[in-house]
Number of protein chains: 2
Amino acid sequence: MKITYKGDYALKTILDLAGHFGSAPVAINDLSKRLDIPTKFLEQILLDLKRAGFVESRRGKIGGYSLAKEPAKITLGEVVRFIDGPIGPIACVDKQYSGCHDVESCVFRNIWSQVGNSISKIIDQVTFEDLLKRTNKANKTFNYQI
Amino acid sequence: MKITYKGDYALKTILDLAGHFGSAPVAINDLSKRLDIPTKFLEQILLDLKRAGFVESRRGKIGGYSLAKEPAKITLGEVVRFIDGPIGPIACVDKQYSGCHDVESCVFRNIWSQVGNSISKIIDQVTFEDLLKRTNKANKTFNYQI
DNA sequence: TGTATACTCTACTAACATAGTAGAGATTAT
DNA sequence: ATAATCTCTACTATGTTAGTAGAGTATACA
């Protein structure tokens, strides 16, 4: 697994929208500025996220994007898998792989599979509500430090 | 982290050499055929592994490659890191990353860091001696099944 | 009904990484 | 000598990533 910029941007965007859950939709431009993501790139990402059902949109003057589900119902794992693909560190874990044709290879595959599982255990447990709480907490701590 | 073909080939090669540890060096050609790796690509990989001190070579007629240390003293993690780079799923875990400049981002970084640690815990513990044993065991089982 | 604002969609592109290929050169056993 | 084997540098095809560009569609509001 590798988190690309696209994946990173998607996660940050969803976290931002999670912070506005229940309020008015947020315009791409606002997200783009606040999160420092190239606007046109973010457009594409949001369209992807919309097609996947993570966010919904509203066009026109007071339009923008909002989360399609409660933050507690979206996990980090779902989003990462959708944007950046399978979690396994090598293709053979998830699908057919030309390189693996004898027993020896399985010794490694077994380990890559373990690795995949241990990653999943972490990211499939964390929801955006969790992340939101941590963010707030972090900000509070940050304020105390000032 | 993503295991590339190069990484996969390197691991399989070292495991093969581990199986020949203490015996005569193995020629690139033999490795190439046995492991089904393009010869010229394998050459490059072996040169890299040699520079890193994992293997040593001997030129000339009875030349070839052999493991430079005992199989028990080489971990999967060392080789993976050397060939395919840092373990973390995103650059920000390992070095400076332009995308991370406010507190919010740290929520994710914290998780990617956890992910990196849990991967390390697995691959830094497994040595090529372990893998060798598992291979032998697997082959034995395989034979019984026939 | 016009217009500004915002999302929608498709196509294109520069830069980089991956997975090789090619070929000339150096060393060693016999 | 010469055959076998490692050594080194350069080149290349393909795919992925991280965008950019621009025309089109929907909606609020005056």
Side-chain angles (χ1 to χ4, degrees), chain A residues 1-13 17 20 24-52 54-68 80 83-86 89-91 97-99, chain B residues 1-13 17 20 24-33 35-52 54-68 80 83-86 89-92 97-99:
Chain A
M1 178 191 52
K2 199 195 145 200
I3 310 290
T4 61
Y5 271 82
K6 187 175 178 184
D8 183 37
Y9 291 162
L11 295 174
K12 286 175 177 167
T13 300
L17 293 180
H20 291 83
V26 183
I28 294 181
N29 242 300
D30 294 349
L31 289 166
S32 162
K33 278 177 196 154
R34 189 157 53 226
L35 303 176
D36 194 28
I37 301 171
T39 309
K40 296 297 278 181
F41 195 20
L42 184 55
E43 275 184 14
Q44 290 181 11
I45 295 169
L46 280 165
L47 284 174
D48 282 349
L49 292 175
K50 184 185 173 184
R51 288 181 194 120
F54 292 114
V55 304
E56 51 196 19
S57 65
R58 188 191 171 122
R59 284 176 162 190
K61 198 145 191 181
I62 58 161
Y65 279 91
S66 43
L67 224 55
V80 169
I83 299 285
D84 286 328
I90 189 171
Y97 180 73
S98 67
Chain B
M1 180 192 51
K2 199 195 146 200
I3 310 290
T4 62
Y5 271 83
K6 188 176 177 184
D8 183 38
Y9 292 162
L11 296 174
K12 287 175 177 166
T13 300
L17 293 179
H20 291 81
V26 183
I28 296 181
N29 243 300
D30 294 349
L31 289 166
S32 163
K33 278 176 196 155
L35 303 175
D36 194 28
I37 301 171
T39 309
K40 296 297 278 181
F41 195 20
L42 183 54
E43 274 184 15
Q44 290 182 12
I45 295 169
L46 280 164
L47 283 174
D48 282 348
L49 292 175
K50 183 186 172 183
R51 289 183 193 119
F54 292 114
V55 304
E56 50 196 19
S57 65
R58 189 193 170 119
R59 285 176 163 188
K61 197 142 190 184
I62 59 162
Y65 279 92
S66 42
L67 225 54
V80 168
I83 298 285
D84 286 328
I90 189 170
C92 71
Y97 180 73
S98 66

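Naming: A, B, ... by sequence-line order, numbering from 1 per chain.
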Out of [options], whichever nucleotide has its closest atom nearest the side chain of [X]:
{"X": "B:Tyr5", "options": "D:dT5, C:dG20, D:dA28", "value": "C:dG20"}
{"X": "B:Lys6", "options": "D:dT25, D:dA18, C:dA19", "value": "C:dA19"}
{"X": "B:Ser57", "options": "D:dT7, D:dT20, D:dT27", "value": "D:dT7"}
{"X": "A:Leu47", "options": "C:dT8, D:dC6, D:dC8", "value": "C:dT8"}

Taking only side-chain nitrogens and oxygens of [X], does any of them come within less than 4.0 Å of OP1 or OP2 of [N]?
{"X": "B:Thr4", "N": "C:dA17", "value": "no"}
{"X": "B:Tyr65", "N": "D:dT5", "value": "no"}
{"X": "B:Tyr9", "N": "C:dA19", "value": "no"}
{"X": "A:Lys50", "N": "C:dT8", "value": "yes"}

d([atom1], [X]; [atom2], [N]) in whole Å:
{"X": "B:Leu49", "N": "D:dT7", "atom1": "CG", "atom2": "P", "result": "12 Å"}
{"X": "B:Glu43", "N": "C:dG23", "atom1": "CD", "atom2": "P", "result": "13 Å"}
{"X": "B:Asp30", "N": "D:dT5", "atom1": "CG", "atom2": "P", "result": "8 Å"}
{"X": "A:Leu42", "N": "C:dA6", "atom1": "CG", "atom2": "C1'", "result": "13 Å"}
{"X": "B:Asp48", "N": "D:dC6", "atom1": "CG", "atom2": "C1'", "result": "14 Å"}
{"X": "A:Phe41", "N": "D:dA18", "atom1": "CZ", "atom2": "P", "result": "6 Å"}
{"X": "B:Arg58", "N": "D:dA4", "atom1": "CZ", "atom2": "P", "result": "17 Å"}
{"X": "B:Ile3", "N": "C:dA17", "atom1": "CD1", "atom2": "P", "result": "18 Å"}

Is A:Gln44 side chain donor-acceptor paired with the D:dT20 base, going by distance under 3.5 Å alone?
->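 Counting by modelled atom types and ignoring angles, a donor-acceptor contact under 3.5 Å is found here.
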Decide yes or no, distance alone: a donor-acceptor N/O pair under 3.5 angstrom between the base of C:dG23 and the side-chain of B:Lys40.
->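 Result: at least one qualifying N/O pair found.
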Going through the distances and angles, do B:Asp84 and B:Met1 end up as a side-chain contact (heavy atoms from CB on, under 4.5 Å)?
-> CA-CA 8 Å; B:Asp84 286 328; B:Met1 180 192 51; 5.7 Å; no
Nearest nucleotide by nearest heavy atom, which residue falls closer to the 5' end of DNA chain D, A:Arg59 or B:Arg51?
->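 Final value for this comparison: B:Arg51.
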Contact nearer the 5' end of DNA chain D, comparing A:Asp84 with A:Ile62 |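 The residue closer to the strand's 5' end, by nearest nucleotide, is A:Asp84.
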Do the side chains of A:Val55 and A:Tyr65 get nearer than 4.5 Å, heavy atoms only?
->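 Heavy-atom side-chain distance check passes, below 4.5 Å.
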Please examine the side chains of B:Lys2 and A:Ile90, heavy atoms only from C-beta on, and report whether any two atoms are closer than 4.5 Å.
->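 A side-chain contact is absent here, since even the closest heavy-atom pair is not under 4.5 Å.
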So what does B:Val26 touch, heavy atoms closer than 4.0 Å: a base, only the sugar-phosphate, or nothing?
->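 Answer is sugar-phosphate: B:Val26 comes under 4.0 Å of backbone atoms only.
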May I ask you to say what A:Ile28 touches in the nucleic acid, namely base, sugar-phosphate or nothing, with a heavy-atom cut-off under 4.0 Å?
->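 Touches sugar-phosphate only.
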How long is the span from the OG1 atom in A:Thr13 to the CZ atom in A:Arg34, to the nearest 0.5 Å?
->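 Nearest 0.5 Å value for the OG1-CZ distance: 10.0 Å.
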Donor-acceptor under 3.5 Å (B:Ser32 side chain, B:Ile37 main chain) |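 At least one qualifying donor-acceptor pair exists.
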So A:Leu49 and A:Ile83, side-chain contact (heavy atoms from CB on, under 4.5 Å) or not? Walk me through it.
-> CA-CA 8 Å; A:Leu49 292 175; A:Ile83 299 285; 4.1 Å; yes
